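Notes to accompany the following structure.
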Amino acid sequence: MSKLASAYGADGSGRKAIKLGEEALAIARRVLPAGDPQIAAAMRALIPLYRSVDLEEDAAKLEAELKALPAPGSAPGQK
């Protein structure tokens, strides 16, 4: 059994975890104000999942997006 299969199961549970994480991130982006720390937390949770199944490009995109986010408390409308 490959390292990937043993880490995430032959049944594709790693990909299932990614799908759930992506759905959670999409919901957070819809319902939370821009710059909410929970959005960044959801993004940070997805990065190692992407890397675990060789989705390095997706992980890199999220990392770049995270770096571009405003610092907590500095989002428009927050003081």
Side-chain angles (χ1 to χ4, degrees):
M1 184 176 278
S2 73
K3 181 179 176 182
L4 177 64
S6 64
Y8 285 94
D11 63 353
S13 57
R15 296 230 182 240
K16 290 176 187 175
I18 288 171
K19 183 168 176 50
L20 290 173
E22 289 173 339
E23 289 172 2
L25 178 57
I27 291 168
R29 286 180 166 160
R30 268 195 319 269
V31 301
L32 297 172
D36 188 292
Q38 292 180 59
I39 294 172
M43 293 167 71
R44 280 191 293 277
L46 272 174
I47 291 169
L49 291 173
Y50 282 150
R51 288 206 166 109
S52 71
V53 291
D54 295 324
L55 295 173
E56 185 60 39
E57 186 175 319
D58 293 327
K61 286 178 186 177
L62 273 184
E63 284 181 330
E65 192 176 339
L66 269 169
K67 289 178 184 174
L69 288 177
S74 66
Q78 290 185 354
K79 293 185 179 183

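All residue numbers refer to positions in the sequence shown, counting from 1. None of these values were measured; they are calculated from a predicted model.
Pairing each heavy atom of Leu25 with each of Ile39, the nearest pair is CD1-O, 3.8 Å. Ala17 and Leu49 get closest at one heavy-atom pair: O-CD1, 4.1 Å. Shortest non-hydrogen contact noted between Leu69 and Ala40 is CD1-CB, 3.8 Å.
Of the charged side-chain nitrogens involved, none lies within less than 4.0 Å of a carboxylate oxygen, so that Glu63 and Lys67 do not count as a salt-bridged pair. Electrostatic pairing of Lys19 and Glu23 counts as a salt bridge here, judged by a charged N lying under 4.0 Å from a carboxylate O.
Using a 4.5 Å heavy-atom threshold, the side chains of Ile18 and Leu55 count as touching. Counting heavy atoms from C-beta outward, Ile47 and Met43 have side chains that stay 4.5 Å or more apart.
Following chains of ILVMFWY side-chain contacts shorter than 4.5 Å, one cannot reach Leu20 starting from Leu62, and the two form parts of different hydrophobic clusters.
Glu57 CD: 12 or fewer foreign heavy atoms inside a 6.0 Å radius.
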